[in-house]
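Following: one structure in C-alpha cells, then a few remarks.
Computed from a prediction, not measured in an experiment: that's the story for all the values here.
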Amino acid sequence: MTQYWLMKSEPDEYGWADLVKAGEGVWDGVRNAQASNNLKAMQVGDLALFYHSRTGLEAVGVMEISAAAFPDPKDKTGRWVAVKVKPVHPLNRPVTLKAMKARPSLADMAMLRQSRLSVAQLNADEWGEILKMAGNGSAAPA
DNA sequence: GCCAACGTTGGC
DNA sequence: GCCAACGTTGGC
C-alpha cells in the first residue's frame, strides 16, 4: 500500500529546484522524534509532497521515496535517520498553506494541526484533494 | 521524575 | 524580524 507524506524544507536551504537538478536527494537533518518516526515508516515507492516552508509556504512538487530509512550520515549521535527521494513531477499550480487551510476536507491534516512537524503523513483523501487543487488530478499524470 | 530554562522551527 | 508553539536539557 502506497503511503503519502508531506516533507518540509526551506527553499533557501534545499528547495524543489535543487532536488530536480540533482535527480535524487538525501532527506536528512530531521531532528524531531515524531518526524523521525515518519521517516522510519516510509517505504520505497511511497509518494511525498515537497513543501517550501518559511519562504513560499506552498507545496510545489511530488517526489517518490527511493530509499527507506538509514542512519543520517550527518548525525553523530546515531539517533536520527534519513531517506532518499526522487522528483516525480512538479505541481501545475503550487498549493499554498492558505489554500489548504481554507479546505474543510483538509482540516485534519497532521501538518496543519501541528505546524512545526516537518515530516507529516497524509491520508489518501488528503493527497487526492491537494493534487486536485494543484491541477495534477488522477486523470492528469505527469 | 518534575519542571523551568533554553533552543529551534515555522507562520505571520 | 518577531513571536508562539513545541521539544529538549539539566538542576534539583
What's the [atom1]-[atom2] distance between [X] and [N], to the nearest Å?
X	N	atom1	atom2	answer
A:Arg31	B:dG10	CZ	P	13 Å
A:His52	B:dC12	NE2	C1'	19 Å
A:Glu58	B:dG11	CD	P	12 Å
A:Arg54	C:dG1	CZ	P	10 Å
A:Asp12	B:dG10	CG	P	13 Å
A:Gln34	B:dG10	CD	P	13 Å
A:Asp75	C:dT8	CG	C1'	15 Å

**OP:** Please check the phosphate of B:dG11 (OP1 and OP2 only) for any side-chain N or O of A:Lys8 closer than 4.0 Å.
**Re:**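 Yes.
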Original post:
Looking at A:Tyr51, does any N or O in its side chain come under 4.0 Å of the phosphate oxygens OP1/OP2 on B:dT9?
Top reply: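 Checking B:dT9 against A:Tyr51, no side-chain N or O comes under 4.0 Å of OP1 or OP2.
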**OP:** Measure from the side chain of A:Glu10, starting at C-beta and using heavy atoms only, and say which of C:dT8, B:dG11, B:dG10 lies closest.
**Re:**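 From the listed options, B:dG10 comes nearest.
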Original post:
Which parts of residues 106-117 of chain A get close to DNA chain C, meaning a heavy atom less than 4.0 angstrom away?
Top reply: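 By residue number: A:Gln114, A:Arg116.
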Original post:
Mind checking whether A:Trp5 and A:Tyr51 have ring centres under 6.0 Å apart?
Top reply: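 Between A:Trp5 and A:Tyr51, the centre distance exceeds or equals 6.0 Å.
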Original post:
Hey, is A:Arg79 close enough to A:Asp72 for a salt bridge, meaning N to O under 4.0 Å?
Top reply: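 Looking at A:Asp72 together with A:Arg79, the answer is no, because their closest N to O distance does not fall below 4.0 Å.
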Subject >> Check ion pair A:Asp108-A:Arg113 (N to O, under 4.0 angstrom) >> reply: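 The answer is yes: the pair qualifies as a salt bridge.
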Original post:
Which is true for A:Lys98 with a 4.0 Å heavy-atom rule: it touches a base, it touches only sugar-phosphate, or it touches nothing?
Top reply: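 It contacts nothing in the nucleic acid.
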Subject >> No-hydrogen, no-angle side-chain donor-acceptor test under 3.5 Å, A:Ser53 and A:Glu10 >> reply: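 Not at all, the side chains of A:Ser53 and A:Glu10 share no donor-acceptor pair under 3.5 Å.
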Original post:
Going by atom types only, do A:Gln3 and A:Asp46 share a side-chain donor-acceptor pair under 3.5 Å?
Top reply: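 Present: a donor and an acceptor within the cut-off.
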**OP:** Could you check whether the rings of A:Phe50 and A:Trp16 sit parallel, tilted or perpendicular, using 30° and 60° as the cut-offs?
**Re:**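 Judged by the thresholds at 30° and 60°, the geometry between A:Phe50 and A:Trp16 is perpendicular.
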Original post:
What's the spacing between A:Leu39 CG and A:Phe70 CZ if we round to 0.5 Å?
Top reply: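 Between atom CG of A:Leu39 and atom CZ of A:Phe70 there are 10.0 Å.
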